[in-house]
Chemist: 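If you scroll down you'll find the structure; I have some questions about it.
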2 protein chains.
Amino acid sequence: MKPKQITLADIAKELNVSPATVSRALKDHPDISQETREKVKKLASALHYRPNTIAQGLRKKESKIIGVIIPEIVHHFFSSVISGIMEYAYKAGYRVMLCQSMEMFEKEVEDVEALFSSRVDGILISLANETKDYTHLEEVRNYGVPVVSFDKVCYSLENHSMVVIDDYEGAYNVVTHLLENGYRKIAHIHGPLNPITSQNRLNGYKAALKTYGLAEEKAYIKGCHLVTQEEGYNFTKELIALPDRPDAIFAVTDLVAIGAMVAIKEAGLSIPNDVAVVGYSDWAMAAVVEPALTTVAQPGFEMGNLAARLLIDEIHYINEDNEAPYQHQKKTLKTEVKVRQSSVKKTVLAS
Amino acid sequence: MKPKQITLADIAKELNVSPATVSRALKDHPDISQETREKVKKLASALHYRPNTIAQGLRKKESKIIGVIIPEIVHHFFSSVISGIMEYAYKAGYRVMLCQSMEMFEKEVEDVEALFSSRVDGILISLANETKDYTHLEEVRNYGVPVVSFDKVCYSLENHSMVVIDDYEGAYNVVTHLLENGYRKIAHIHGPLNPITSQNRLNGYKAALKTYGLAEEKAYIKGCHLVTQEEGYNFTKELIALPDRPDAIFAVTDLVAIGAMVAIKEAGLSIPNDVAVVGYSDWAMAAVVEPALTTVAQPGFEMGNLAARLLIDEIHYINEDNEAPYQHQKKTLKTEVKVRQSSVKKTVLAS
DNA sequence: ATGAAAGCGCTAACAC
DNA sequence: GTGTTAGCGCTTTCAT
C-alpha cells in the first residue's frame, strides 16, 4: 500500500527529457544548460524528490554509511565517542549505522558481518572485552572495507589505524598528583587485565611509584572482576583494615572510587585527610559526590571525532585508487587530571 | 583498488547453475534439490559470500534499516532508549541508523530527509525542543514511511503511534511521597515548558498538592531555562531565603536537584530534616550523592524496546498490504519512585 | 528442479 | 547540451 516514490524517471517524463539529464541537472553538471537545470530543480523540489541512496549505492559501489561497533551504549564515555563520530561523519556526508556488541565476541562477529552485508564504506570498532581473535576484522578489511579501532584496539591486526587514550600516562599523572600532595602509601584497585586499558593504568601507577623511589606493595594492589561500586567498597574495606593502612587509593574507574569512598566514610575516616581517593573516567557523578572526586578525564568526543576522520580519510584515499598503499596511523590522545577535593588535604589554618 | 566482492553470479558460474538457483538455494526455497542446495551453501561459505543488502533493498524496496533521531546521545536516558531500540530491532532483523538532532529543528529536518533518502523502513523520533512544525514528518509518512515518536512526541501529528512516560503521574507520586512523609511546604523547580514533559511534571506536582488540600504557592515555583546544576543552586538559594522557607524541593531533574542540595548544605541546613530534596530521572549520580537522592526512574530501555516494536509491527503490517488501515497506538509507560535518604526524615531514637 | 529475463533507481561511458 | 545504453547485485515471475 506504499505510495510510489518519486524517481528521476518521473521528473524526466514530466519534462520530456531523459533521466540522465535530470541526474546531471541535479548534480550541477557543467554540460547542462542553465534553463534545463532550473526547470529540473524546480520540479524536483515541487515533487519533494529525494534521491534513492540505495540505488546510488548500488551503482557507485559506495554506501556513504560507516558502521560503528561499540561494546555498550549506555555509558558516558562511549556515548561521547559516538557523538564525536557522528559529528564528523555528518559533516563529511556519511551516515552512521550503530551496533552494540554487549561485550560479547559472538555478537561482535555478527555485527561485523551485518555491516559488511550492508556494504558500509568503513567500520569503526572498540573491541568487546572477550575478543581475542581478529579474523572477522581481517576478513572485511581484505574485502576492501577499512577498519579503524579505538579505545579497546586490536594491536595484532595489521594495516589499520587506531586511536587510543594514553591510559598509562593518565594513571601516571594522577598517581604523581597524589605523590606531590604528600601521599606515599598509595593503593590501586585495578580492573580485569584483558582490555589493555586496565593493564596500562596499572603500569602507569607502578611507574609513578618508581619515579618517587617507592616500592610496590603487593597488599596494596587489588583486582576487580566486574568493576562495580560494590567491588570498590569491599576491596577498600580490606585495604583500610590492613595493619599499615594506605593513605590513598587510586581506583580504575570512578564508580569503583565511589565504592571506596563509601567504605572509608563508613569506617569513620576522613577523605582526603586520612585517605585520599582518585578515580578514572570523569563521569558526571565524580563532580557531585562529596568530597568531589579527583579523576582522569578521557577525551571521548575527540576520540570519536579523530577515529571518524582517520576512517573517512582512508575511505577517500582508497576511492582515489592511488598506487601507494594508505599509510595507517596510530594516534594517542592525552588525558587530563581533574583535581577536586578528594585528593588534596585540607590544611587547618591558624585563626 | 577495492577487491571485487563475491556475488551470486560468481557462485553460479563456479557451479554451472544460474544466479536464480543460487539465490533460491541460499534462502532454502523448497523447489531446490537437496543436492544443489548443499553445494551452493558450501561454496558460499567457503568464499565468505555475504549478500549485498543494498542490492536486496533496491530490488525488494525495503532496506531493513530503521532510522532513529534523538536530540542528544550523551544522556543516560536517551542512551538507554537507544539500547532498547537496538535490542528489539536486532532481534527483528533490522539495522539502526542513528541521527542526533542536537535539539535543533533544522538538523532534525535534515536528518528526516537523509533517512528518507536512505529509504529506511521506518523512523523513530524524539523531537527537538525547538520543533513546533511537523511537516517534515508528515511528508515522509505520506510517502509510506511509518513514524513512531517517543518521549518528546508530536501530539498534533495524526496517524502515528507514540510512546510516552507518565510524567504527570511520576511527579504526582513523588510529591505525594513527600506529603506522606510530612512535608507540606513543597517547592518545585521546573524546566522550560515547551517540551511537554516539564509541563506534565508541573501539573502532577500541582495535582498532588491539591489532593492534600494545599494551595499552590507562587513563590515556591521556579522555572529553569537551561536545566543545569547551577540553576538548581541559584533557585534554591532564593527559595531558602524566603521568609516562609519551603521544607521540600522537587526538582525537574536530578542535576537540578543536586544543585539544590549544594545550596542547602551550604546554608548549613540538613537534608532531609530541614529541607527534603527529590529529583527526577534516576541518573547514576542520584544513588551516589549524599544523602542519596530520592528520584523518579524512567524506563528508558523499555521505552526504546516498545517504540521499536510498534514501528516494526507497523512496517510488517504495511508490507502485508491489508485493506484496513493500521491501528496506531499510544502507549504510556509508568515511572517508579526510588525512595532514598534525601526525602525521609531521620527520627531521633530514644536510647 | 532450474533457467531466462526483466527490472528496482541510478550513473557514466559513449554517442550524436 | 542531451539521449542511449548498459549495468551495479539481487529477486521473481514465467517458462521449460
Side-chain angles (χ1 to χ4, degrees), chain A residues 2-41 43-44 47-65 116-121 143-144 319 321, chain B residues 2-41 44 47-65 116-121 143-144 319:
Chain A
K2 285 190 151 185
K4 192 189 152 330
Q5 53 168 304
I6 309 292
T7 70
L8 285 184
D10 297 329
I11 299 179
K13 189 154 26 138
E14 184 88 13
L15 257 34
N16 281 313
V17 294
S18 75
T21 301
V22 178
S23 171
R24 287 188 271 239
L26 256 16
K27 313 198 129 47
D28 291 319
H29 189 104
D31 282 358
I32 298 297
S33 74
Q34 186 66 12
E35 197 199 336
T36 348
R37 184 188 324 238
E38 277 169 14
K39 260 193 337 195
V40 168
K41 288 199 175 178
L43 183 58
L47 295 178
H48 301 292
Y49 170 76
R50 296 264 117 214
N52 182 329
T53 34
I54 292 195
Q56 289 177 322
L58 182 59
R59 180 62 233 245
K60 304 209 290 185
K61 285 165 167 292
E62 59 166 5
S63 60
K64 289 285 180 185
I65 300 175
F116 178 69
S117 247
S118 292
R119 296 298 187 270
V120 294
D121 293 338
Y143 279 110
N319 288 344
D321 36 38
Chain B
K2 285 190 150 185
K4 192 187 150 339
Q5 53 169 304
I6 310 292
T7 69
L8 285 184
D10 297 329
I11 299 179
K13 190 152 29 137
E14 184 87 13
L15 258 34
N16 281 313
V17 294
S18 75
T21 302
V22 178
S23 170
R24 284 188 273 241
L26 256 17
K27 311 201 130 47
D28 291 319
H29 190 103
D31 282 357
I32 298 297
S33 75
Q34 186 67 10
E35 195 200 336
T36 351
R37 184 188 324 239
E38 277 169 13
K39 260 192 340 195
V40 167
K41 287 199 176 180
L47 295 178
H48 300 292
Y49 170 77
R50 296 264 117 216
N52 183 329
T53 33
I54 293 196
Q56 290 178 320
L58 182 60
R59 177 62 233 240
K60 304 210 290 184
K61 285 164 167 289
E62 57 166 4
S63 59
K64 288 285 179 184
I65 299 174
F116 178 68
S117 246
S118 292
R119 295 299 187 268
V120 294
D121 293 338
Y143 280 108
N319 287 344

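Residue numbers begin at 1 in each chain, while the letters A, B, ... track the order of the sequences.
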Chemist: Do B:Y143 and A:R50 touch side chain to side chain, with heavy atoms closer than 4.5 Å?
Modeler: no
Chemist: A:R37 has an atom CZ; how far is it from atom P of D:dT2, in whole Å?
Modeler: 10 Å
Chemist: Looking at every strand, decide which applies to A:D10 at a 4.0 Å heavy-atom threshold: base, sugar-phosphate, or nothing.
Modeler: nothing
Chemist: Please tell me if A:Y49 has a side-chain N or O lying less than 4.0 Å from either OP1 or OP2 of C:dC10.
Modeler: yes
Chemist: Would you say B:T36 places a side-chain N or O within less than 4.0 Å of OP1 or OP2 belonging to C:dA1?
Modeler: no
Chemist: Can you tell me if A:R119 and B:Q5 form a side-chain donor-acceptor pair at under 3.5 Å?
Modeler: yes
Chemist: State, to 0.1 Å, how close A:I6 and A:L47 come at their nearest heavy-atom pair, and which atoms those are.
Modeler: CG1-O, 3.6 Å
Chemist: Consider the side chain of B:T21, meaning its heavy atoms from C-beta on, and name the nucleotide among C:dA1, D:dC10, C:dG3 that approaches it most closely.
Modeler: C:dG3
Chemist: Verify the contact: side-chain N or O of A:S23 to OP1 or OP2 of C:dA12, cut-off strictly under 4.0 Å; return yes or no.
Modeler: no
Chemist: A:E62 has an atom CD; how far is it from atom P of C:dA12, in whole Å?
Modeler: 10 Å
Chemist: Under the criterion side chain to side chain contact (heavy atoms under 4.5 Å, CB included), which of B:K41, B:E35, B:Q34 is the partner of B:E38?
Modeler: B:Q34
Chemist: CD of A:E35 versus C1' of D:dG1: gap in Å, rounded?
Modeler: 11 Å
Chemist: Any salt bridge linking A:D31 with A:R37? Criterion: basic side-chain nitrogen under 4.0 Å from a carboxylate oxygen.
Modeler: no
Chemist: Side-chain contact test, heavy atoms from C-beta onward, threshold under 4.5 Å: evaluate it for B:I32 versus B:K27 and give yes or no.
Modeler: no
Chemist: Report, one pair per line, the protein and nucleotides 4-8 of chain C atoms (nitrogen or oxygen only) whose separation is under 3.5 Å.
Modeler:
residue: C:dG7; atom: N2; partner: B:R59; partner atom: NH1; Å: 3.2
residue: C:dC8; atom: O3'; partner: B:K61; partner atom: NZ; Å: 3.4
residue: C:dC8; atom: O2; partner: B:R59; partner atom: N; Å: 3.4

